[in-house]
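Model, not experiment: these values are computed from the prediction. Throughout, numbering of the chain's residues begins at 1 and tracks the sequence.
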Amino acid sequence: MVVRLSETKYEIKSMTRMKCYVHLVYTVIHENALKDIYLRVFYDNETKVSSIHGTLYNAEGIKKKSYSGSDILDISAVSDNDFYTDDRCKLIIPETSVFPFTMEYEYELTRTNIMQFTPWQPQDDINWSVESASLHVTFAEPIRIRHTELNIPGSMVAGKSGDVSDYFWQLKNLPTLEEDPLNNQNKDLLPTVYLAPLSFSYAGLSGEMNSWADVGMFQTLLNKGRNKLSDKTIQRIHELIKDKPDNRSKIEAIYNFMQGRTRYVSVQMGLGDWQPAAASYVDEKGFGDCKALVNYTMSLLEAADIPSYFTLIRAGDERKIFLKDFPSFQFTHVILCVPNNGDSIWLECTNQNMPFGYLGRFTDDRPALLINDNKSKLVHTPAYTIHDNILTRKATVQIDEDGNATADVETTYEGLQFEAISPLLTRSFDDQKKYLEETLEIPGCSVKGINYKIESKPIPVATETLKLFIRTYATKSGDRYFLSPDILNPGNSISKKAEERKTEFNIRHGYSDYDSITYKLPASVKIESLPADKNLTSETGTYQSKLGTLNNGFIYIRKRDTYSGTYAPEQAKPYVEFRRQIAKADREKAVLKILP
């Protein structure tokens, strides 16, 4: 898609009044980008849509349709039944099947607070090119607006006339970017401007963002007075923990109590974006969003005289950019930190099946803001290392005279490896079977038996026991069978495009995989050849595979370690080659000769 024009202008009149004008012109070349051109304008009780319209032009630039009034959909901002929100969305969907075409949009918003600005990123995707884009911000004293930039060519133009300040950014002729196979966060490569006020007002409360302590102090004000519980609930907590020998067991009992009587429902009504629902409300209703459930758990712990801290965090399976030197509301989630004799216990309160003390890849190893009045500070959540993230698999595979395989497989998943199967733990057998048969990616595989055993620890452990039948796993050609010894854990290669790069690349988590598979063969075949042993080493990990003959078959042992870290650009080529060699080794075949 081509961004012909992107103009955004903020006029900040006061801490409680701001206007935003947006003018966009997009040209869609191919239908693959059709949904990218839908205009979505979000609003709520603090943001009003003053005007909005759109115009569709054909390839010759001739106007074909205007969008206004009833042409514009007005829908809830979310469709999930587990969300209650007063957020709404104005939506324009272009009506054409002829490409290319151009859409022009213009809209104006009025907002009653300046606490948070959406990052300006006119090149919203690496597949977009931009002809012209600008951001214009004006504000009058005593308002002060801070800014920081990423990947912006050139520099901001600042001006001042009397007490009115003026910031202006302009981008010209930005090409599309080539996708980076080693970077899951390609959007982090795009030009972006971040804005935040020094002072602001929200829901009648005044706040500042000079420091992270300021941000934390404002969250403290939002949380104030929302920790009250009924005498009945407080008494239940006292009964629950009276026989527990130490703080850790008390914390775990209270966490399990919270999990057993609540569920996650996102409530974004009124001040719901930042202020938690009262603990008494969650106690009565049995549901809440992340803020509410953390506040509720914190209140339950307080009833047991155990201090804990409401903690803001930017969540996601892949770490996003976090601007440590730019105090602002960059957060998307809340977790709970419970001090325990110098070793903090971290609690994820929105997942009723999450093991006690485990965060997982959603919030691990990143900055978080621990809320403690005017002593609030950035902390770092625990990282799960190669010594935590372990997969151990032992299997016995019986090959019959037709090349079919019956396999008994026991796999232990530890740490982040646990998350590969955690969604299955509460599903029915039929759902488990369907999921496994789709994800194992073994042609002709049928799952005949499934069992899971869970050990709830801060580093969780799950043992999976499977019974599989695989039709014609050993493929026949003439008087020989061919089979791949690596039945369940083959490695994948990476595109050679990743070799030539100018930036560092990151392997976020380290893992250790160990497979031991015993193959039992029918008397009608003999081993003709087995793949040679492999021993591969690189800066990013190691790989070993060994095969040995047995009386009635052979054994295959595979060990692979992946090292987390940030690697220099010149390490990309050997890393790609290392992955290619692993993928090649995992595809090698054992050859079995059919006896006459």
Side-chain angles (χ1 to χ4, degrees), residues 15-16 44-46 84-87 112-113 115-116 199-209 211-238 240-241 250-251 254-255 257-259 261-313 327 329 331-339 347-350 368-377 379:
M15 281 193 252
T16 58
D44 54 25
N45 289 335
E46 297 179 335
Y84 294 90
T85 180
D86 51 15
D87 293 353
T112 58
N113 83 73
M115 175 178 159
Q116 193 174 28
S199 303
F200 63 93
S201 177
Y202 177 72
L205 300 174
S206 296
E208 295 186 345
M209 293 189 196
S211 66
W212 289 113
D214 288 341
V215 176
M217 191 64 221
F218 184 75
Q219 186 66 56
T220 298
L221 293 175
L222 291 175
N223 295 356
K224 188 176 181 180
R226 310 190 77 77
N227 59 342
K228 301 295 188 292
L229 293 169
S230 68
D231 291 340
K232 180 180 178 181
T233 297
I234 293 173
Q235 184 60 36
R236 288 185 69 180
I237 294 301
H238 291 168
L240 182 68
I241 65 171
K250 292 176 183 178
I251 297 164
I254 291 171
Y255 181 69
F257 173 83
M258 179 278 298
Q259 285 185 308
R261 60 182 281 110
T262 63
R263 66 186 180 94
Y264 174 80
V265 176
S266 180
V267 182
Q268 305 295 331
M269 307 291 286
L271 304 184
D273 283 349
W274 295 104
Q275 188 175 62
S280 57
Y281 178 91
V282 177
D283 196 45
E284 176 188 351
K285 301 297 184 182
F287 63 78
D289 62 7
C290 61
K291 302 180 296 296
L293 294 176
V294 165
N295 182 64
Y296 178 55
T297 309
M298 188 166 62
S299 302
L300 295 173
L301 289 167
E302 184 181 346
D305 295 322
I306 298 173
S308 59
Y309 297 99
F310 192 93
T311 305
L312 301 174
I313 197 164
F329 283 90
F331 311 101
T332 61
H333 190 51
V334 183
I335 56 178
L336 190 62
C337 178
V338 190
L347 300 178
E348 169 56 65
C349 298
T350 61
L369 183 62
L370 190 145
I371 305 303
N372 184 18
D373 297 327
N374 61 355
K375 298 178 183 178
S376 300
K377 61 181 180 179
V379 295

| Testing V334, L312, I313 for side-chain contact (heavy atoms from CB on, under 4.5 Å) with C290, which one passes? |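 When side-chain contact (heavy atoms from CB on, under 4.5 Å) is applied between C290 and each of V334, L312, I313, only V334 qualifies.
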[atom1]/[X] to [atom2]/[Y] distance, rounded to the nearest 0.5 angstrom?
X: Q116; Y: M209; atom1: CD; atom2: CE; value: 7.5 Å
X: Q259; Y: T297; atom1: CD; atom2: OG1; value: 8.5 Å
X: M258; Y: S299; atom1: CE; atom2: OG; value: 12.0 Å
X: K228; Y: S280; atom1: NZ; atom2: OG; value: 9.5 Å
X: I335; Y: L347; atom1: CD1; atom2: CG; value: 9.0 Å
X: Y255; Y: C349; atom1: OH; atom2: SG; value: 6.0 Å

With a 4.5 Å cut-off on side-chain heavy atoms, are [Y] and [X] touching?
X: M217; Y: D214; value: no
X: S230; Y: D283; value: yes
X: L370; Y: K375; value: no
X: V282; Y: F287; value: no
X: L301; Y: L336; value: yes
X: Q219; Y: K291; value: no
X: F329; Y: Y202; value: no

Minimum heavy-atom separation for [X] to [Y], with atom names?
X: G216; Y: S376; value: CA-OG, 3.3 Å
X: N113; Y: S201; value: CB-O, 3.4 Å
X: P276; Y: L222; value: CD-O, 4.3 Å
X: V338; Y: P307; value: CG1-O, 3.7 Å

Measure from the side-chain N and O atoms of [X] to the backbone N and O of [Y], and report whether any donor-acceptor pair falls under 3.5 Å.
X: E46; Y: T112; answer: no
X: N223; Y: T220; answer: no
X: R226; Y: N295; answer: no

| message | Can you list everything that forms a ring-ring contact (aromatic ring centres under 6.0 Å, His included) with F257? Sequence neighbours excluded, please. | response |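 F257 satisfies ring-ring contact (aromatic ring centres under 6.0 Å, His included) with no residue once adjacent residues are dropped.
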| said: List the residues meeting ring-ring contact (aromatic ring centres under 6.0 Å, His included) with Y309, not counting sequence neighbours, and say none if there are none. | reply: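 Result, ring-ring contact (aromatic ring centres under 6.0 Å, His included) vs Y309: none returned.
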| said: Taking salt bridge (Lys or Arg N to Asp or Glu O under 4.0 Å) as the definition, give me every residue that meets it alongside D44, ordered by chain and number, with sequence neighbours left out. | reply: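 If we apply the salt bridge (Lys or Arg N to Asp or Glu O under 4.0 Å) test to D44, skipping adjacent residues, there are no hits.
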